[in-house]
Amino acid sequence: MKKVSFAEFGGPEVLRLIDAEEPHAGPGQIRIAVRAAGVNPVDWRLREGQVLGAHPLELPAGVGLDAAGVVDEIGEGVRDVAPGDRVFGEGTSTYAELAVLSAWAPMPAGLTFAEAAGYPSVVETALRVLREVGVRPGQTLLVSGASGGVGSAVLQFARERGIRVIATAGAANQEYVRGLGALATTYHEGWTARVRRLGDVDAALDLAGSGVVPELVALTGDPRRVVSIADRDAPKFGVRFSGTAGSVPDALAEAAELIARGRLHIPVEKSYPLTEAARAHSDSQAGHARGRRVILV
């Protein structure tokens, strides 16, 4: 089969499309014929050699955590799916024609494979950081870098929980985040004063890693009320860095239920063929996304 791999850490140029042995589903796993794979910042951070709270990768390594596709092999002990089922979920080396998933859910009706591939890691991350930051219904959450995949999910999960959200995003994405129920402002000069005018902040999430952790601490008044998924220097300010560690087993099921009710939607901003994985990484690293980027297989 074809898959994207890298044999050394570095920039997007280290990615190669190679011929590889087919993976097989182990106990509690399934294998899918991949139709689309989600592009996540963790993909290129691991490609660069960042550890992110996990064990270092052994090289050569595959790329990708999220995928949507058709089940074609079932591991021992799996009872909830059958060959031919359409699923989306999390696994390893998903930038490939075949991939093994360790967590999955049936694809909600009406979703394309490209759309479904954009959900798994971002909804897991969104639910995880909402729980870690401890924000409650009726409180106000500040989300820095709110227009990307995780931000889009956070805003919608918060809305469902009765949490008021103030969101910072680029000028071009102001209406987008407002459409997801947030009060919006840009992250340009004077942004903290604009946030204060929108209201007191009980908790804050840093989703972009743009060096704003000290300001988020000042706005909340307590570093324990701030969580970052993007700034590895966050602990220097007493703030929790939430990387790839941890999981929310019910995330896919909750996302599927909200999608089916029309209460959760993350758009696909751009799709790429498997041969252009390097360009997908370059674009992801440039930021300023509105929704998700995915690779079509």
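If you're wondering where the values come from, they're calculated on a predicted model, not measured in any experiment. Heavy-atom basis, side chains included; hydrogens, waters and symmetry copies ignored.
Glu254 has a carboxylate O that lies under 4.0 Å from a charged side-chain N of Arg161, or vice versa, which qualifies the two as a salt bridge. A salt bridge links Arg178 with Glu175: at least one charged nitrogen is closer than 4.0 Å to a carboxylate oxygen. Under 4.0 Å is where a charged nitrogen must lie from a carboxylate oxygen, and between Glu132 and Arg240 at least one such pair does.
Contact annotation: the side chain of Tyr176 approaches that of Ser147 to within less than 4.5 Å [non-hydrogen atoms, C-beta and beyond]. Proximity of Val78 to Trp104: side-chain heavy atoms (C-beta onward) are separated by under 4.5 Å at one or more points.
By the 6.0 Å contact criterion, CG on Asp200 is open, its count of non-hydrogen atoms from other residues, nucleotides or ligands being 12 or less.
Judged purely by atom type and a 3.5 angstrom limit, Glu90 has no side-chain atom pairing as donor or acceptor with the backbone of Leu65. In terms of modelled atom types and a separation under 3.5 Å, the side chain of Ser152 and the main chain of Gly148 share a donor-acceptor contact. Under a 3.5 Å cut-off, the side chain of Gln156 and the backbone N or O of Leu180 do not form any donor-acceptor pair. Looking only at distances, a side-chain donor or acceptor of Asp43 sits under 3.5 Å from a matching main-chain atom of Asn40. Side chain of Ser5 to backbone of Ala61: a donor-acceptor contact under 3.5 angstrom is found. The backbone N or O of Asp222 sits less than 3.5 Å from a side-chain atom of Thr220, completing a donor-acceptor pair. Panel note: side chain Ser144, backbone Thr168; no donor-acceptor pair is recorded below 3.5 Å.
Across Asp206, Val129, Leu205, a single residue satisfies side-chain contact (heavy atoms from CB on, under 4.5 Å) together with Ile229, and that is Val129.
Minimum interatomic distance between Arg136 and Ile163 (heavy atoms only, all atoms of both residues): O-CG1, 3.6 Å. Counting all heavy atoms, side chain and backbone alike, Asp202 lies closest to Thr140 at OD2-N, 2.7 Å. Scanning both residues, Leu264 and Tyr119, for their nearest heavy atoms gives O-OH, 3.8 Å. A pairwise comparison of heavy atoms in Val122 and Ala153 identifies O-CB, 4.1 Å as the closest pair. In terms of heavy atoms, Ala68 sits closest to Ala116 at CB-CB, 3.8 Å.
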Decide ring-ring contact (aromatic ring centres under 6.0 Å, His included) for Tyr95 and His281; before the verdict, give the C-alpha distance in whole Å, the side-chain angles of both, and the deciding distance to 0.1 Å. CA-CA 12 Å; Tyr95 293 19; His281 276 210; 5.7 Å; yes
Step-by-step side chain to side chain contact (heavy atoms under 4.5 Å, CB included) determination, Gln139 to Arg225: CA-CA 12 Å; Gln139 293 186 322; Arg225 303 291 290 169; 3.3 Å; yes
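Thr186 and Arg194 are linked by a side-chain donor-acceptor pair at a separation below 3.5 angstrom, with hydrogens and angles left out of the test. Side-chain contact of Ser284 with Trp44: a donor-acceptor pair under 3.5 Å is present, judged by distance alone. A donor-acceptor contact closer than 3.5 angstrom links the side chains of Gln285 and Arg47.
Linking Ile, Leu, Val, Met, Phe, Trp and Tyr residues whenever their side-chain heavy atoms come within less than 4.5 Å leaves Val227 and Val213 in two separate clusters.
The distance from the CD1 atom of Ile74 to the CG atom of Asp85 is 7.5 Å, given to the nearest 0.5 Å. Taken from CG in Leu274 to CG in Leu296, the straight-line distance is 9.5 Å, to the nearest 0.5 Å.
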